[in-house]
Amino acid sequence: MTFSKWQLAVLLSARVVEPIGYTILFPYVNKMVEDLMPDVPKSSVGKYSGAIESTFALSSVLFMYQWGKLSDRIGRKPVILGGLCGVAVTHTLFGLSQSFWWAMVARFLSGALCGNASVMRAVLGEITTKDNEGWVYPLWTVCWDLACVVGPAIGALLQNPATQYPDSWMAKSSFLKKNAYFLPSALIGCMSLLAAILVLFCLEETNPVCRQGAAVKDAKPTEETPLLTEEPIDTIEALPPAHSFIELVSMKAIQQVLISIFLLTLTAMSFDAGFVLFAYSSATLGGIALSPTSIASCLSVKGGMSIAFNLLLFPQALKRVKKKTLYRSFAACWIAVFMLPPVMNVLVRHSAGGEAASETGDGTWVANGSLRYLWFMMVPLLVLYVFGDLCFPLNMLALNAAAPSASSLGAINGISLITSALARSMGPALFGLLYGVSAERHFPLVWLVFGGIACLSTVQSFRVNSDGRRKVEANEDEESSET
């Protein structure tokens with residue numbers, strides 16, 4: 001299929017919906033848990049907020065591969081449309097949550113119905129070539145980074161509008177008073193429907209099997225077309241047979257990439273959720289006591305830096321440095337990421353005078369929920385955070401390079417996202433659990449455990465062949481050379 005920037009733009013517009021829906025919760029999910037469960041002590045809030053964030057990924061584990069296989073059979077476009085409509089409905093249900101279990105069920109359904117992530121990655125692999133993958137794949141990561149800027153900002157601005165904007169009409173709305181977190185969820189629902197309309201009318205089908213079948217079906221006979229062809233059926237161009245789940249996961253190259261994806265995602269997604277919990281918690285509970293607005297500002301700064309690095313730094317680095325060297329270096333950044341937060345907490349806690357100030361973090365480093373001199377440590381933390389996330393486009397390149405054929409791209413991306421979704425379902429919940437233990441015992445257990453996982457992820461990055469050539473293109477080159 002010929003590469004089209006317009007098709008890429010349509011795909012990215014659909015892609016950005018899911019991460020915005022994921023990150024929009026960050027500024028208020030802990031406050032939402034407190035509102036839904038007022039009797040739960042603050043030291044245990046992280047357990048429940050982590051469960052809400054993890055259930056989406058857990059349900060994705062159960063259904064992601066099936067969506068990928070279905071797209072290999074019926075086409076990418078119908079599955080993407082179904083996923084976007086599912087996101088619209090389930091996010092609206094989440095915004096109407098009146099209990100913790102209501103929120104859990106809504107997030108579970110959202111993960112189950114949103115099977116378009118693996119399918120869109122398959123589309124990306126089918127529309128790109130080795131010549132343009134150096135700048136196309138970073139755009140995939142930019143979508144997540146853009147979500148880190150837009151999502152938390154939207155969540156912070158639209159959550160609990162009746163309280164935030166007492167002089168507006170929203171303060172008089174009984175519906176918004178009862179459903180304090182409806183507006184951000186409803187906005188995601190509208191974005192999903194708009195993306196679905198764009199995909200319906202503008203995105204072309206990229207599945208080679210479906211495209212070939214459609215071409216044969218649409219071919220119109222002419223006067224010179226014989227009624228019976230003399231050519232045997234086996235002369236028709238055939239696509240490589242699709243591989244089964246067992247065959248794919250038995251391949252050594254794919255195994256190494258999947259293990260790396262699991263460890264990297266476990267590390268990154270745990271910190272995504274853990275950073276919000278760390279920033280929100282009081283200094284006495286191991287955090288730095290930032291307000292939701294300050295948390296959104298930090299995430300927006302991180303997202304802005306990541307967009308700039310992906311668009312400006314990453315493509316140039318790919319031209320000058322080997323992929324495996326970049327992959328190993330970026331993976332090692334996560335070790336430092338987990339070393340800084342406990343140091344920041346010690347500075348905030350010891351600079352605050354008195355128990356009340358220590359509870360809110362007011363002092364030299366943080367004041368009234370806003371960063372003061374702690375920016376001198378927050379900026380290096382966010383830079384390392386960004387560098388660590390640059391592993392993900394390299395992971396996608398390594399995965400597509402390990403794919404045995406084009407007909408397996410949907411399935412292999414489904415397996416990849418099952419692996420990452422499994423890590424996403426474990427990470428935030430495990431982080432929240434360990435954070436609660438660390439807060440109760442005043443010991444940085446959570447940072448030591450996840451720092452160790454970051455070390456394992458770095459070691460595994462040395463076993464991934466990130467410089468491998470895409471087999472699909474290699475096979476095409478061999479065929480062209482033979483002819």
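If you're wondering where the values come from, they're calculated on a predicted model, not measured in any experiment. As a basis for the values below, the full set of heavy atoms in this structure was taken, side chains included, without hydrogen atoms, waters or symmetry mates.
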Would S297 and S294 count as a side-chain hydrogen bond (donor to acceptor under 3.5 Å, both in side chains) here? Give the steps. CA-CA 5 Å; S297 298; S294 296; 5.6 Å; no
Test side chain to side chain contact (heavy atoms under 4.5 Å, CB included) on Q7 and V123 and set out the steps. CA-CA 10 Å; Q7 292 295 296; V123 174; over 6 Å; no
Check the pair Y280 / I295 against side chain to side chain contact (heavy atoms under 4.5 Å, CB included), numbers first and verdict last. CA-CA 8 Å; Y280 175 80; I295 295 173; 3.9 Å; yes
Might you work through the side-chain hydrogen bond (donor to acceptor under 3.5 Å, both in side chains) test for S260 and Y327, ending with a clear yes or no? CA-CA 11 Å; S260 182; Y327 192 49; 2.4 Å; yes
Pair S71, R76 - check side-chain hydrogen bond (donor to acceptor under 3.5 Å, both in side chains), show working. CA-CA 5 Å; S71 75; R76 317 295 188 204; 2.9 Å; yes
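Looking only at side-chain heavy atoms (C-beta outward), I52 and F94 come within less than 4.5 Å of each other. Side-chain contact between F271 and V276 is absent, with no heavy atoms from C-beta onward closer than 4.5 Å. Side-chain contact between M170 and L183: present, with at least one pair of heavy atoms (C-beta onward) separated by less than 4.5 Å. Side-chain contact between L264 and F392 is present, with at least one heavy-atom pair separated by less than 4.5 Å. The shortest distance between side-chain heavy atoms of H91 and P184 does not fall below 4.5 Å.
Checking side-chain atoms of Q159 against main-chain N and O of A180 turns up no donor-acceptor pair under 3.5 Å. Using a distance-only test at 3.5 Å, with no hydrogens or angles considered, a donor-acceptor pair links the side chain of W334 to the main chain of G388. A donor-acceptor contact shorter than 3.5 Å links the side chain of Q255 to the backbone of V249. Of the possible donor and acceptor atoms, one in the side chain of S59 sits under 3.5 Å from a partner among the backbone N and O of F108. Side-chain atoms of S461 come within 3.5 Å of backbone atoms of T458 as a donor-acceptor pair (strictly under, hydrogens ignored). No donor-acceptor distance shorter than 3.5 angstrom exists from the side chain of T325 to the backbone of V321, with no hydrogens or angles considered. Listed for the T267 side chain is a donor-acceptor partner under 3.5 Å among the backbone atoms of L263. Distance alone, capped at 3.5 Å, is enough to place a donor-acceptor pair between the T265 side chain and the I261 backbone. A donor-acceptor pair under 3.5 Å links the side-chain atoms of Q164 to the main chain of L157, judged by distance alone.
Taking all atoms of both residues into account, the shortest heavy-atom contact from L399 to S416 is CD2-CB, 3.3 Å. For G21 against R107, the heavy-atom pair with the smallest separation is O-NH1, 4.0 Å. Nearest heavy-atom pair, L36 versus S97, reported as atom, atom and distance to 0.1 Å: CD2-O, 4.1 Å. Across every non-hydrogen atom of C143 and V16, the tightest pair is O-CG2, 3.7 Å. Residues A14 and L84 approach most closely at O-CD2, 4.0 Å, considering heavy atoms. For the residue pair L381 and P341, the shortest heavy atom distance occurs at CD1-CD, 4.4 Å.
Shown here are the ring pair (Phe, Tyr, Trp, His ring centres under 6.0 Å) partners of F462, two or more places apart in sequence or in another chain: there are none.
Ring geometry for Y435 against F431 counts as parallel: the plane angle stays under 30°, on a 0 to 90° scale with 60° as the upper cut. Aromatic ring orientation, F182 versus F175: perpendicular (interplanar angle above 60°, classes split at 30° and 60°).
A side-chain donor from one of S110 and T90 sits under 3.5 Å from a side-chain acceptor of the other. Using modelled atom types, one finds a donor on one side chain and an acceptor on the other under 3.5 Å when comparing Y181 with D35.
Once rounded to the nearest 0.5 Å, the distance linking CG of L187 with CD1 of I20 reads 8.5 Å. Atoms OG1 and CZ, from T419 and F262 in turn, are 8.5 Å apart once rounded to the nearest 0.5 Å. Within the model, atoms OG of S99 and CE of M104 stand 11.0 Å from one another, a figure rounded to the nearest 0.5 Å. Note: M305 CE to F387 CZ = 9.0 Å, rounded to the nearest 0.5 Å. Atom-to-atom distance recorded for M269:CE and L430:CG is 15.5 Å, nearest 0.5 angstrom. With rounding to the nearest 0.5 angstrom, the CG atom of L277 is 13.0 Å from the CG atom of D272.
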Listing, residues 188-203 side-chain donor-acceptor contacts under 3.5 Å, not counting sequence neighbours, or none:
from	atom 1	to	atom 2	distance (Å)
S192	OG	I188	O	2.9

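Each salt bridge (charged side-chain N to carboxylate O under 4.0 Å, His left out) pair with one or both residues in residues 386-399, not counting sequence neighbours, appears once here: K302-D389.
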